[in-house]
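Everything on this sheet refers to the single structure shown next.
Since we're looking at a predicted model, the values are computed, not measured.
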Amino acid sequence: MILNYSQPLEISNLTSWFDQYLRSNLSEFWTLLIEFVLVGIFLLAAYAVIALILIYAERKITAFFQARLGPNRVGKWGLLQSVADMIKILLKEIIRINRSDRFLFFAAPFFMIVASMLTFGAIPFGKGLQAIDFNIGVLYVTAVSSLGIIGVLLAGWSSNNKYSMIGAMRSGAQFISYELSSGFALMTIVVLAGTMQFSQMIEGQRFCWNIFNGHISSIIAFVIYLISGHAETNRGPFDLPEAESELTAGYHTEYSGLQFGFYYLAEYLNMFIIASIATTVFLGGYLPIQIQGWDAFNGIMGYIPSYVWFFSKTGFLIFLSLWVRWSFPRLRIDQLLNLEWKYLLPINLVNLLLMVILVLTGLTLKNLFGIL
Amino acid sequence: MELKDIHIKGIPTEDFKDNEYLENYIKELEANGVNVILSKVDELINWGRSNSVWPLIYATSCCGIEFMSAAAAHHDIARFGMEVTRNSPRQADLMIVAGTIVHKMAPLIKRVYDQMAEPKYVLAMGACAISGGPFVNSYHVIKGVDEIIPVDVYVPGCPPRPESLFYGLMQLQRKIKVEQFLGHKQR
Amino acid sequence: MSSVSKYFSGLFTGIKSLLTGMGETWKELWTKKVTQQYPENRETLEISERFRCELVMPHDENNEHACTACGICEMNCPNGTIKVTPMFIETADGKKKKILDTHIWDMGMCTYCNLCVITCPSDAIIFKNNFENAVFEKRKLIMQLNQEGSKLREKKKESKPTEPII
Amino acid sequence: MMEKIKKLILDTVAEAVIEEKQKLTVTVEPKKLHLLVQTLRDNKTHSFDYLVNLTGVDRGEELGVDYLLCSSADLSKEVVLKTGTSDRENPLLYSITDLFETAHFNEREVFALLGIRFINNPDMRKFFLNADWVGYPLRKDYDPNPELNPVSIESKDMVDIAPRILETSDGKLVEEFVNIFEDDDYIINIGPQHPSTHGVMHFRTSLDGEIVKKIDVHSGYIHRGIEKLSESLTYPQILHFTDRLDYLSANINRHALCMCVEKAIDIEVPERAQYIRVIMDELTRIDSHLLAWSAMTHDLGATTAFIYGMREREIILDIFDKTCGGRLIINQNVIGGVMFDIYADFQKDVKAFIPYMRKKLIEYDRFFSHNVIALGRTQGVGFMSKDEAISYAVTGPAGRASDWSCDIRKHIPYSLYNQVEFKEILRKEGDAYARYLNRLDEIEESLHIIEQLIDNIPQGDFCAKTKAIIKLPEGEYYERVEAAKGEFGVFIESRGDKFPYRLKFRSPSMALVSAMPLICQGEKIADLIGIGGSMDYVIPDIDR
Amino acid sequence: MSSLSLFLTVFISGVVLVIVGLGIAILLAPQSFNLQKGEPYECGIPTHGTSWMQFKAGYYLYAILYLMFDVETIFLFPWSVVVRDLGYTGLYSILFFIVILGLGLAYAWKKGVLKWS
């Protein structure tokens, strides 16, 4: 039973068939072991491929925003550009820095990659395509993604370079601020959804995405989440820790070769992770657009595989983040903190209460229109 | 490997200047008995390396502005995949020396070059970097950056227009493509 | 109360200004790209006629040039880029005559100030706009402008070798 | 008026020698100079409170300094003061840094190049050259043997100790050394190899967290010795250096030197050449301001704006390219006119550019000028008052942003500038945002000037006939023009030869940089970069 | 499949990615040595002293505020899941909590703590 005729392109059909096949031939232990290894390989491959695609996409979209063409000489339309970059950076010398804190200097990229990997694993890419599905999913994601900042702090501190040091300090300030906003914004939706588990949260959005369900309050939370998520990934206009025109390369000034490559990679992955969490929490994750009662329409929409829905929604949010990034100048550290503490945080607190009231008084769209 | 295998999009090999330098280089490699299997891997690696040259702009004067023009929309160095200018020497592959180098600057350029990660290249852009240019007779000017650091490609002009720079970058790509990467003794 | 209203008006004008900025980039996203694609457009690329890239000494079909080896270009060059080496030969009527042996021009040092061309009394050298000159070795930038075996064009012919430099 | 000034001078220093040359020239002995300068500066009726230029000259028998003073209210009122010392072993003169802040760097420059030390200057380190440089290059007896000053590629630690000579109240000279930074300062080097110091400026900055405590300016990383080189080149040959000083105002700089020579040997420049010169000058100004705009937005982190500015600039470069065969270094002006006549479509191209640029200016406004982040980062940041601007001799858009009317085109109209109509843009705020807006407005004014000229270019020669060898009659010649970054000046001392005896360029950027330590103090490190962008200096212009 | 073992799988694959990548790089990448290579990069000038000096970060008060709010976030997360079931009681009890914190923020704001110095 490989094909499920209603949704023939779903990968989950394949995985469950494979699972059954293994179970029928092997013992429980071996089945699990093979599956774990496969999950690991799949995640690593997805991680690398998504990063490569994102790097290419960003360079191309940036170019179009700037009235240029972007990479177009390596492969058709420059499609292989990031592959070439990867080969290059893999074979670049890794410099040992004198008088640095050797161990921390070496360990910092681990934090960066492992943190983004752990968050990456919790993302539901499609139906049944989610590795880690804790019942405290939202809290888990908030906690784990903040580990990445330790990578930045360690990198800045251990490299014994003054630019890095300032970059690390800035990233600390940035992190302690925006972590709150993103937490509160997610919490607003948890109030609405009544669960912290991603799979349940998605299922609850079948006919009405959270962003519509909680209307005004959800939209405010969505915008705040995008802003603070953008800030947490250290990308312009929030790229103060890196701040090319001030600190040359900021916290990773002393990192060369693949160690720098990991930071480069993680930066793009974090962007993807923020966008995909926003997709999952606000935009119904991998669910297609469904409208209660329109069965024919729902059927057609449902025919499109879930991962396509997921990636197109995420892609849209990534585009949004690129658009913002290439439109604005960089904030200064006091502006950055002002934005958070004087605008986002108070608005967030009020918004949370507003959401509770919406939920308790039954003013959510689902309640008003009797959507499932 | 032969020189005609080195393919650069847009310009046929025979239209390039200074082909004999690369031919000599290949002959030298062949004399050393290059391993055929390794050279296939080398080709892949060199393809990657030559198409991903991230520059560090050591811009001191006028030529730096021409580099900015090259990076801007009209010429767009990004087409070559080289718009990722790294300001930290650790992450750069190519140092573009754009402008006059004077006595006071000499220790600095040497230091920045030393701090770059291997494999690294240097491109001397403009008359000043090549030979001291207009200021060659001055007491405080170094007569060519090659007195301090090894230079791979010379791009003449005062300042060279962005197309000239691109031509120089393609020459560098050709040079990278004929290099033997694996099992090669490093500088 | 003013500080509260200031707070909110600041918030909204701020958001508005940001959206205006994003509107501009959105417009640019769809405008025609101005990038000219050298080297893909190598065939059609037009470099201005006057652009100075390479000093040449035009030779006609008889391998003759107009340089009299007077050395004025060398004298006028501000940084010694040009080296004119004359050679003395005996003409048929027994007089000693100065002719050009080598005209060396260092491309890697030239400042392209055009002084040599405008001061040349016989219009023997001109600047061409061929910009593809990058090489791997510095010595290749030093060029001899007069071709092998070339000689001075006789005076009776038209003295202007090519189109005049404005 | 002149008589009154003469009287004032003679009242102050009775033994001063007054000559009427191209400008009113006063020679005084070193001890009286400070008093005279102070009197000239502080008198109410004709206040000479703007030090334009400070030139060290090796006059052969003595080492001297020329000061060009003028009035900040009316830049055409000028007086030249001269002083000198015949002690070549240990030449000492009196500093006027306490009267004019701009004198500080200039005096240090004179020390590096001529070896004259200034009493009471608070920081008497060499400015362009390393402290261990042997010899003083601008002296006529300088030994150019490269073995004396070999190229060293060894990194050396910076020494932050400044020597100085002070005069005590009882007239004794005391030499002492002061630390520039405190021992526990967090010192960070911004530049020379830095993406946003606009060249190879080196700001040694001590930080208090993110706040800039003190900046120590180091320069000379591109000191090419142009002034020394010029002393052995003929006037047409020197021209090519002017393009490479401030390469963004290349044409304007060259215009200044050409005018200086033309006035000295009385050449009438044809009308057509004048028109071409002014149009090209204004295009250069737009080009420079566009680059300044782009660079500043880039410094503030808006890469996209940078690319837009460079895109518009490319159109101007194209016009340059077609007119004179160069994009940046255009070699257009020559003594007596211009090198190339305009090409056939010149007027059409320029006229197409004007409305295009106007449209883009509106776009820039919408895109950046009102952006809340940009406003927060520039408004009220890097404040400079009018008095400070005058004392630091900060001219150009930056000076006019502090409400100082200092446009040479208005005060001392040269070429065609008295025939065209344009506004001098003045702003009172004196912050980075005012400087930023001033540039955009000046682009508009330049477009307006071009508009008035472009259709009226007269027929005729584009270059006057000159002699093959140009010799300037003995004397001193000054010429001042308004370059894109501020006042650019040329000073030539000729001894009747075909080479200048001494040539000095007054660079606007030097004044801009000298004001940086003042206006950046107490600001954040991110602002330091933004203020640098708003000042828009070009380093090769300073270092020469 | 238990979530914990999957968590470990993901963790290990992350570590493996870094180790394998660095392994390849260290084995294959060319190396060179010179005396200046390991020195910190500071625009080409030898650095003054060490960077590990006392560094005044102008935001320690923000850090304290952050701590306060972060602890609150932790408290609020469990509450937010069950707020539907708790009804208005849950709202009032937590409203009190939030208002106090909000007042704290307002006080800090008024006192000028939220001004970078």
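- Residue Val190(A) touches chain E through both its backbone and its side chain, counting heavy-atom pairs closer than 4.5 Å.
- In this structure, Phe198(A) places its CZ atom where more than 12 heavy-atom neighbours from other residues, nucleotides or ligands lie under 6.0 Å away.
- Note that CG of Leu22(E) and CD1 of Ile94(A) are 5.0 Å apart. Values are rounded to the nearest 0.5 Å.
- With a 4.5 angstrom heavy-atom cutoff, Ser158(A) touches chain E only via backbone atoms.
- Here CG of Leu118(A) is found 8.0 Å from OG of Ser13(E). Values are rounded to the nearest 0.5 Å.
- The contact between Glu179(A) and chain E is made entirely by side chain atoms (from C-beta outward), counting heavy-atom distances below 4.5 Å.
- Counted within 6.0 Å of CZ on Phe110(A), heavy atoms from surrounding residues, nucleotides or ligands total more than 12; the atom is thus considered enclosed.
- Summarising the geometry of Phe262(A) relative to Leu17(E), their closest heavy-atom pair is CZ-O, 4.0 Å, with the distance given to 0.1 Å.
- Contact tally against chain E (heavy-atom pairs below 4.5 Å) for Val144(A), Val37(A), Leu192(A), Ile89(A): the top residue is Leu192(A).
- Residue Leu352(A) holds its CG atom at 5.0 Å from CD1 of Ile98(E), rounded to the nearest 0.5 Å.
- Separation of atoms CD1 (Ile189(A)) and OG (Ser80(E)) is listed at 11.0 Å; rounding is to 0.5 Å.
- Between chain E and the options Val138(A), Thr195(A), Thr253(A), Leu353(A), the largest number of non-hydrogen pairs under 4.5 Å is found for Leu353(A).
- At least one side-chain heavy atom of Thr47(E) sits under 4.5 Å from a side-chain heavy atom of Lys162(A).
- By the salt bridge (Lys or Arg N to Asp or Glu O under 4.0 Å) test, Lys37(E) pairs with Glu93(A), sequence neighbours left out.
- In this structure, the portions of Leu90(A) lying under 4.5 Å from any heavy atom of chain E include both its backbone and its side chain.
- Atom CZ of Phe36(A) is separated from atom CG of Leu8(E) by 8.5 Å, given to the nearest 0.5 angstrom.
- Interface summary for chain E: among Gly121(A), Gly194(A), Ala115(A), Gly183(A), the most heavy-atom pairs under 4.5 angstrom belong to Gly194(A).
- Both the backbone and the side chain of Leu76(E) come within less than 4.5 Å of a heavy atom of chain A.
- Taking each heavy atom of Ile176(A) and Tyr66(E) in turn, the nearest pair found is O-CD1, 2.7 Å.
- Per-residue heavy-atom pair counts under 4.5 Å with chain E were compared for Ile136(A), Leu44(A), Ile41(A), and the maximum is reached by Leu44(A).
- Among all heavy-atom pairs drawn from Pro40(E) and Asn160(A), the shortest one is CB-O, 3.6 Å.
- Put simply, of Gly38(E), Gly14(E), Ala108(E), Ala29(E), the one with the most heavy-atom pairs under 4.5 Å next to chain A is Gly38(E).
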Stepwise side-chain contact (heavy atoms from CB on, under 4.5 Å) check, Val356(A) with Trp79(E):
CA-CA 11 Å; Val356(A) 177; Trp79(E) 163 81; 3.5 Å; yes
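- Only the side chain of Tyr47(A) comes within contact range of chain E, with heavy atoms under 4.5 Å apart.
- Under the 4.5 Å side-chain criterion, counting only non-hydrogen atoms from C-beta, Tyr88(E) is in contact with Thr361(A).
- Distance check, rounded to the nearest 0.5 Å: OG1 of Thr9(E) to CE of Met117(A) gives 10.5 Å.
- Heavy atoms closer than 4.5 Å to chain E are found in the side chain of Leu43(A), but not in its backbone.
- Side-chain atoms of Asn161(A) never come within 3.5 Å of backbone atoms of Glu42(E) as a donor-acceptor pair (strictly under, hydrogens ignored).
- Within residues 343-351 of chain A, the residues having any heavy atom under 4.5 Å from a heavy atom of chain E are, by residue number, Leu345(A), Pro346(A), Leu349(A).
- The two atoms that bring Trp109(E) and Lys342(A) nearest to each other are NE1-CE, 3.3 Å, heavy atoms only.
- Using a 3.5 Å distance cut-off with no hydrogens or angles, the side chains of Asn98(A) and Glu39(E) do pair a donor with an acceptor.
- Contact count versus chain A (heavy atoms, under 4.5 Å) is highest, among Ile19(E), Leu91(E), Ile24(E), for Leu91(E).
- A perpendicular orientation is assigned to the rings of Tyr140(A) and Phe7(E), their planes being inclined by more than 60° (bins at 30° and 60°).
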